[in-house]
Amino acid sequence: MEQNMNQYEVDHLATVRAGAPESMVLLKADGSFPLAAPGRIALYGAGARRTIKGGTGSGDVNSRHVVTLEEGLENAGFTITTKPWLDAYDGVAEENHKTFVADLKAQAKAAGQPAIYFGMGAVEPAPAFDLPLDGDGEAAVYVVARDSGEGNDRHPDAGDVKLTDSEVRDITALAAKFEKFLLVLNVGGVVDLSPVKDVKNILLLSQLGAAIGDAFADVLLGKSYPSGKLSTTWAAWEDYSTEGDFGDPDDTHYREGVYVGYRYFDSVGTAPIFPFGFGLGYTTFTIGAPVVSAVGSEITVKTTVTNTGTRPGKEVVQVYVSVPAGDLDQPYQALAAFAKTGELAAGAAEEVAATFDLTDVASFDAAKSATVLEAGNYVVRVGASSRNTVPAAVVELPETAIVRQLHNALGDPGFTDFKPAAPVAVEVPADLPRLTVAAADLRREDIHAPVDLTDALDFVKDLSDDDLSYIVLGDYSDDAEKQSIIGQASQALVGAAGQTTTRFEGLPSLIMPDGPAGLRLSPQVGVDADGPFALGEALGGLFAELMDDESTAALGGAAAAPRTPERTYEQYATAIPIGTAIAQSWNPELAAAYGDLVGAEMDHFGAHLWLAPAFNLHRTILCGRNFEYMSEDPLLAGRMAAGITRGVQAHPGRAVTVKHFAFNNQETNRLNSNSHVSQRAARDLYLRSFEIVVREAQPHALMTSYNLINGVHTSESADLLETILREEWGFEGLVMTDWVVDSMARTDLKNPRATASATIKAGNELFMPGCEADRQDILAALRGEGTAAVTLTRAELEKQAARVVRMAHLLGDVAPAPEV
Ligand code: BGC
């Protein structure tokens with residue numbers, strides 16, 4: 001394998017292998033691991049040979065090869081004694097898959113939907129089986145695997161969120177039989193570990209991209225060590241909040257308000273199995289007495305972390321703030337800052353500083369249309385997980401301060417948010433150091449002026465209406481053979497999800513491959529007289545299996561005529577860890593290194609806008625795309641996504657597209673579902689992570705989500721795009737839609753799909769992927785015809801087109817398009 005690789009692949013695999021252990025979370029440890037040397041090992045479980053590098057859907061990256069756990073262990077010199085079990089399990093898994101596909105097709109038929117859309121991202125439940133556990137060795141490893149993807153959500157059932165009886169039986173038996181037994185979780189989201197929580201060694205391996213097997217072997221042998229911390233609360237399924245609802249195709253009510261994840265568990269006093277922020281290592285640490293100081297509104301916590309064990313490791317110092325309740329109720333605590341140490345050898349110590357601005361913990365008060373810090377005692381807490389924090393100082397605010405005077409935006413959800421009836425009280429020890437911050441230091445006046453579009457407006461003013469309408473749509477062709485599951489894909493960079501118009505001489509077309517676990521491209525490309533095209537199955541795996549007649553018709557009808565390449569070339573990209581795994585590193589610099597890796601591959605392939613990072617919050621553990629996303633906490637998600645953004649955008653002409661803005665927290669009927677969210681929860685949680693990235697890292701592009709917010713599609717919400725994103729936060733980049741493809745949208749449900757005309761009117765200047773019907777909708781709106789949802793003025797259309805033109809030059813003039 002190695003000899004076919006390009007140098008960039010070799011280098012990037014090494015980067016991923018070295019970084020991956022930072023994402024692994026050691027949940028339980030009794031000192032049995034690491035192993036001193038490779039020897040005989042009993043390896044079991046679905047993820048042993050069928051290791052999952054990342055979930056399914058648009059984020060699935062085509063690497064040349066994925067090192068499975070079985071391979072990784074063999075590469076490292078282990079002898080696997082359970083080959084017969086792994087072979088037999090292959091048979092079980094293949095049968096299970098056949099039944100799963102047949103069931104999906106039958107269900108799609110019954111529901112009257114094309115199987116390809118019905119089954120997209122559906123979770124294949126882990127099978128039941130009974131195979132002899134007769135492997136021997138110095139140690140045993142059991143690898144639970146779970147997969148999910150866009151288009152469908154997870155279920156709280158056995159084989160998905162819950163373990164199957166077969167898994168529990170085998171894990172329990174192996175834990176009893178082997179002195180050294182490790183339960184490994186090759187999963188993208190939470191699994192309810194209640195039945196196996198007494199197992200003494202549990203590693204959340206997560207899904208770590210192409211080098212996963214080698215990285216695992218490194219950790220098993222102590223050549224490296226896990227230093228990840230949970231980015232989401234792991235609890236028994238029954239203990240998660242049931243206040244809000246989930247999964248209704250029409251309306252989802254975020255009634256739980258701000259009580260999401262640890263904010264809920266800590267406030268109601270329910271102990272999760274493994275809390276947010278938790279993770280062990282091969283060594284132990286102490287966090288010394290913190291010293292807290294304030295300069296203006298900036299609070300700094302300094303402490304010394306000491307490695308008190310016998311092996312190297314890294315620790316994460318976490319700073320939380322308990323905000324006093326006043327007119328607004330407040331969760332018990334919220335993460336305000338964190339800092340990860342460098343590698344600390346046994347006995348070594350490092351002084352770390354974690355800084356935050358007190359205004360960062362302000363809450364949105366809908367009655368005042370402002371973010372506020374209410375009068376009272378703000379308790380600064382320091383620890384190594386959300387359940388292990390100690391008060392370190394109190395910041396006293398004698399009076400309530402308005403931080404930012406904002407707008408009343410986004411409408412009304414039609415209910416009042418949940419508040420815990422008897423919230424856990426915050427103790428304020430009398431002897432804590434007390435700090436004060438002057439009210440004047442808390443005021444922020446930063447409403448932003450619009451970006452200067454003069455040059456771009458000059459270019460568009462002489463164009464015809466027809467021309468203008470092409471600029472605000474993705475580049476499309478009416479050729480049915482060029483249709484794909486995502487409507488129209490890029491013609492220039494094969495496998496990229498789209499590009500901006502190619503119709504104008506001198507106006508660069510921006511090319512957009514998907515992410516977030518690397519660049520999604522077609523790995524094998526052929527070229528004929530009509531240009532480049534994907535070789536082999538354009539759609540792999542489950543997609544290919546679900547392509548029935550209805551699905552072919554839904555995609556535009558024609559099956560592509562075979563093409564004969566005159567020459568071929570390869571486009572292998574590096575699969576990096578999934579979003580949740582990157583967040584588990586709690587290391588924004590590592591995130592930036594992954595961004596840099598992707599930026600280098602964008603340089604190599606000639607891509608401009610990567611459709612990543614994705615960081616909708618883990619509102620519930622059931623969202624089918626949580627693996628792509630980062631965390632239940634907006635600060636952690638925002639800071640990690642900002643790291644990725646910095647890494648990519650350090651490459652001139654290359655940029656990110658942060659997505660999916662916003663409230664896209666379920667996949668069920670994702671194109672038409674209406675998220676009902678209070679302004680407070682919207683601002684304090686779901687928008688906050690995007691705000692952090694915009695303010696910290698100025699991403700050059702943003703993708704709106706499919707769903708509605710309080711009855712308005714996010715792409716059609718001027719409140720969201722013009723008022724909040726641009727005016728309040730100062731976003732200067734390009735706004736595009738998620739891929740609105742007619743055949744993907746349900747027409748039998750309550751809410752319609754977003755329209756091109758209303759989207760353009762609201763300030764989302766690029767309707768993707770675009771098709772002739774969308775263009776006619778825009779032209780009809782311009783002519784004031786009743787068929788369009790809105791009317792558009794020429795000036796409005798010119799402004800949106802100018803925004804696209806500006807970004808096309810900003811990136812495209814610097815970065816060359818791919819050479820074919
Ligand atoms: C996904 C996006 C993706 C786009 C283009 C959509 O279905 O929701 O995340 O970027 O397709 O592939």
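Just so you know, these numbers come straight off a predicted model, no measurement behind them. Read the numbers this way: they start at 1 and go in the same order the structure lists the ligands and their atoms.
- Residue contact check: Arg670 has heavy atoms under 4.0 Å from atoms 1 (C), 7 (O), 8 (O) of ligand 1.
- For Glu124, the side-chain contact (heavy atoms from CB on, under 4.5 Å) partners are Asn96, His97, Phe100, not counting sequence neighbours.
- Neither the backbone nor the side chain of Met768 comes within 4.0 Å of ligand 1, counting heavy atoms alone.
- Side chain to side chain, Gln491 and Tyr476 fail the donor-acceptor criterion of an N or O pair below 3.5 Å.
- Close contacts of ligand 1 with Ala497, meaning ligand atoms under 4.0 Å from a residue heavy atom, involve 5 (C), 12 (O).
- For Met703, the closest heavy-atom approach to ligand 1 falls below 4.0 Å.
- Relative to the six-membered ring of Tyr254, Arg619 meets both conditions, a distance below 6.0 Å and an angle of at most 45° to the axis.
- When the heavy-atom distances from atom 4 (C) of ligand 1 to Asp738, Asn664, Leu671 are ranked, the shortest goes to Asp738.
- Using modelled atom types, one finds no donor on one side chain facing an acceptor on the other under 3.5 Å when comparing Asn764 with Thr759.
- Aromatic ring pairs are classed by plane angle as parallel below 30°, tilted from 30° to 60° and perpendicular above 60°; the pair His604 and Tyr8 is tilted.
- Checked for salt-bridge contact, Arg683 and Glu691 miss the test: no charged N lies under 4.0 Å from a carboxylate O.
- Distances below 4.0 Å separate heavy atoms of Tyr706 from the following atoms of ligand 1: 6 (C), 7 (O), 8 (O).
- In terms of polar-atom proximity, defined here as any N/O pair under 3.5 Å, Trp739 makes no such contact with ligand 1.
- The distance from ligand 1 to the heavy atoms of Lys659 drops below 4.0 Å at these ligand atoms: 2 (C), 3 (C), 9 (O), 10 (O).
- Only the side chain of Arg625 comes within 4.0 Å of ligand 1, judged by heavy-atom distances.
- Within the structure, the closest approach of Glu628 to ligand 1 does not fall below 4.0 Å when heavy atoms are considered.
- Between the side chains of Ser705 and Asn707, at least one donor-acceptor pair of N or O atoms lies under 3.5 Å.
- A salt bridge is absent between Lys659 and Asp738; no separation between the charged side-chain nitrogens and carboxylate oxygens falls under 4.0 Å.
- Heavy-atom proximity to atom 12 (O) of ligand 1, evaluated over Asp514, Leu611, Val740, is greatest for Asp514.
- Taking 4.0 Å as the cut-off, Met512 does not count as a neighbour of ligand 1 on heavy-atom distance.
- Below 4.0 Å from some heavy atom of His660 lie the following atoms of ligand 1, by number and element: 2 (C), 8 (O), 9 (O).
- Using a 4.0 Å cut-off between a side-chain N of Lys or Arg and a carboxylate O of Asp or Glu, Arg726 and Glu765 qualify as a salt bridge.
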